[in-house]
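Every chain is numbered from 1 and lettered A, B, ... according to where its sequence line falls, protein lines coming before strand lines.
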Protein chains: 2
Amino acid sequence: MNEPIRLAVSTVILALHPDPETGALVLRTPLVRRQREPFLDSWALPGGWVHPDESLEASAATSLLDTTGVRPRYLEQLYAFGDVDRAPSRVVSIVYWALVGGRETIAVPDDFNVRWFRVDDRPRLAFDHDRILEYALWRLRNKVSYSRIAQGFLPERFTLAELRAAHEAVLGRPLDPANFRRQIAGTDQVLPTDAMSTGGRHRPARLYRTNPALGFADNGPLSPR
Amino acid sequence: MNEPIRLAVSTVILALHPDPETGALVLRTPLVRRQREPFLDSWALPGGWVHPDESLEASAATSLLDTTGVRPRYLEQLYAFGDVDRAPSRVVSIVYWALVGGRETIAVPDDFNVRWFRVDDRPRLAFDHDRILEYALWRLRNKVSYSRIAQGFLPERFTLAELRAAHEAVLGRPLDPANFRRQIAGTDQVLPTDAMSTGGRHRPARLYRTNPALGFADNGPLSPR
DNA sequence: ACAAAAGTGTTGCGCCTACACCCATGC
DNA sequence: GCATGGGTGTAGGCGCAACACTTTTGT
């Protein structure tokens with residue numbers, strides 16, 4: 001009766017994909033189909049057990065790579081969930097959340113066992129994973145407004161309009177282009193390049209890149225290793 | 001060689017105590033002396049193993065009660081530390097941080113095995129506990145400036161000057177009394193009472209109490225149970 | 001009367017919002 | 001030319017920091 005507590009890691013993986021119809025960016029997350037009871041055939045967050053010789057963050061990165069085949073642009077611990085009754089046996093889950101670029105994931109696993117869902121139009125998840133996903137989205141929406149986190153969704157070079165579209169997709173409301181430009185370009189959080197985005201039927205837009213000297217967020221005394 | 005990972009809970013407990021000489025408030029935390037190797041006789045954060053039938057938060061509250069004899073005014077999960085080499089055997093620690101009222105703790109354990117230290121004048125701690133404590137202080141200082149968290153240090157009724165002193169002690173810098181008053185009393189985060197603080201050799205100050213309808217901080221979709 | 005802290009008034013600066021306006025490109 | 005988004009200018013408002021000033025107590 002005194003079995004040891006088992007330690008799991010789960011990861012909320014988030015990407016922005018253009019809607020095939022409207023072209024607007026939507027937040028999507030990959031979920032995995034459960035292969036056993038409980039919650040057989042339900043969708044759940046990707047994850048796995050923590051191995052004795054693997055750090056928590058490494059475990060999260062591993063489950064992420066197994067599910068999506070890509071490496072995260074940003075990875076942060078979200079919370080440790082440990083209520084006694086959250087699963088039939090006692091499992092404590094350390095949950096991470098990650099951002100991955102949209103391009104890299106557009107062609108990756110989307111089959112019977114792994115599927116990308118819109119976060120605002122998803123099935124009911126196994127265990128307490130709905131609550132976990134909601135919390136991750138809350139953190140993301142908060143963090144977008146006071147950090148450079150949204151750059152984690154974008155490719156290496158991007159226009160300010162693309163960055164603004166990412167913010168708008170996360171926040172769910174339009175932002176003033178003029179003011180957004182000043183708030184971003186007025187700081188050193190992005191660096192202008194010499195290249196311009198051409199091809200649209202309008203004036204070309206300057207391409208920017210993320211400032212490599214800065215992290216996407218300030219985690220205080222917790223350096224990423 | 002494939003032993004299970006052990007799960008521990010530690011708690012950073014924080015209180016504001018008046019300095020016996022100057023009377024100014026200082027942040028203090030109780031530490032426990034280690035009774036065994038490794039780090040025998042070093043000071044460490046209070047904590048213990050997680051029991052199979054106890055939630056993480058309950059474990060934290062238990063270790064807190066054992067150490068200080070008081071119940072926390074505020075308790076929040078800080079972070080899960082799980083690097084492979086942070087202890088001789090594999091231990092993952094879920095760390096909480098807690099605020100306790102100064103009055104209640106002024107007469108509590110301060111003996112050979114448990115001692116209250118000023119956070120800015122403390123011995124070097126066992127394991128990675130220095131880093132953990134620094135992170136807790138960083139979170140506290142952040143949260144003080146955008147939440148009602150500082151009220152967790154105060155008794156049931158308090159003057160705005162006492163609340164300001166708590167903020168100043170945490171932030172380490174003086175605040176303008178006039179502006180502080182407006183920022184606090186202009187909102188509903190404290191409620192005025194009819195009582196006044198008398199006895200000082202100056203004009204009496206109104207006593208306030210915390211608004212019971214509000215939590216000390218907004219934890220988003222994570223309600224405290 | 002005086003010191004000390006409670007509490008109010010006021011002014012100036014900076015940031016943010018809203019929105020008008022010009023620029024450069026594709027068609 | 002016209003439509004479209006890129007990019008600049010600017011005026012109003014709000015909040016905050018700084019600090020002068022009045023009020024009420026103890027000694």
Here the distance between atom C1' of C/dA6 and atom CZ of B/R182, to the nearest Å, is 13 Å

Readout for nucleotides 21-27 of chain C: B = base within 4.0 Å of protein heavy atom, S = sugar-phosphate only, - = neither; 5' to 3' it is --BBBS-

Atom CD1 of B/I184 to atom C1' of C/dG7: distance rounded to whole Å? 15 Å

Which is the 5'-most and which the 3'-most nucleotide of DNA chain D that has an atom under 4.0 Å from a heavy atom of chain B? D/dA17 to D/dG26

In chain order, what residues pass the side-chain contact (heavy atoms from CB on, under 4.5 Å) check against A/R206, with sequence neighbours excluded? A/P192, A/M196, A/Y208

Pairs in or reaching into residues 168-178 of chain B: which pass side chain to side chain donor-acceptor pair (under 3.5 Å), with residues at least two apart or in two chains? B/R164-B/E168

Going by ring pair (Phe, Tyr, Trp, His ring centres under 6.0 Å), name the residues that satisfy it together with B/F81, two or more places apart in sequence or in a different chain. B/Y79

Under a 4.5 Å cut-off applied to non-hydrogen side-chain atoms, are A/L31 and A/R115 in contact? no

Let me know which of B/T68, B/D66, B/T67 forms a side chain to side chain contact (heavy atoms under 4.5 Å, CB included) with B/V114. B/T67

Does C/dC15 have OP1 or OP2 under 4.0 Å away from a side-chain N or O of A/Q183? no

Taking only residues two or more places apart in sequence, or in another chain, which ones meet B/R139 in a side-chain contact (heavy atoms from CB on, under 4.5 Å)? B/E76, B/L78, B/W97, B/Y135

Any donor and acceptor pair, going by atom type alone, linking the side chain of A/R181 with main-chain N or O of A/L160 inside 3.5 Å? no

Using modelled atom types only, decide if a donor and an acceptor are shared between the side chain of B/R73 and the backbone of B/G152 within a distance under 3.5 Å. yes

In whole Å, what is the span from the NE2 atom of A/H167 to the P atom of C/dC16? 14 Å

Please give, in whole Å, the distance from C/dA5 P to B/L163 CG? 18 Å

May I ask you to decide whether B/R122 forms a salt bridge with B/E134, counting only side-chain N to carboxylate O separations under 4.0 Å? yes

Calculate the interatomic distance between B/L175 atom CG and C/dA5 atom P; express it in whole Å. 16 Å

With heavy atoms under 4.0 Å as the rule, sort A/A161 into base, sugar-phosphate or nothing. sugar-phosphate

Calculate the interatomic distance between A/R181 atom CZ and C/dA18 atom C1'; express it in whole Å. 17 Å

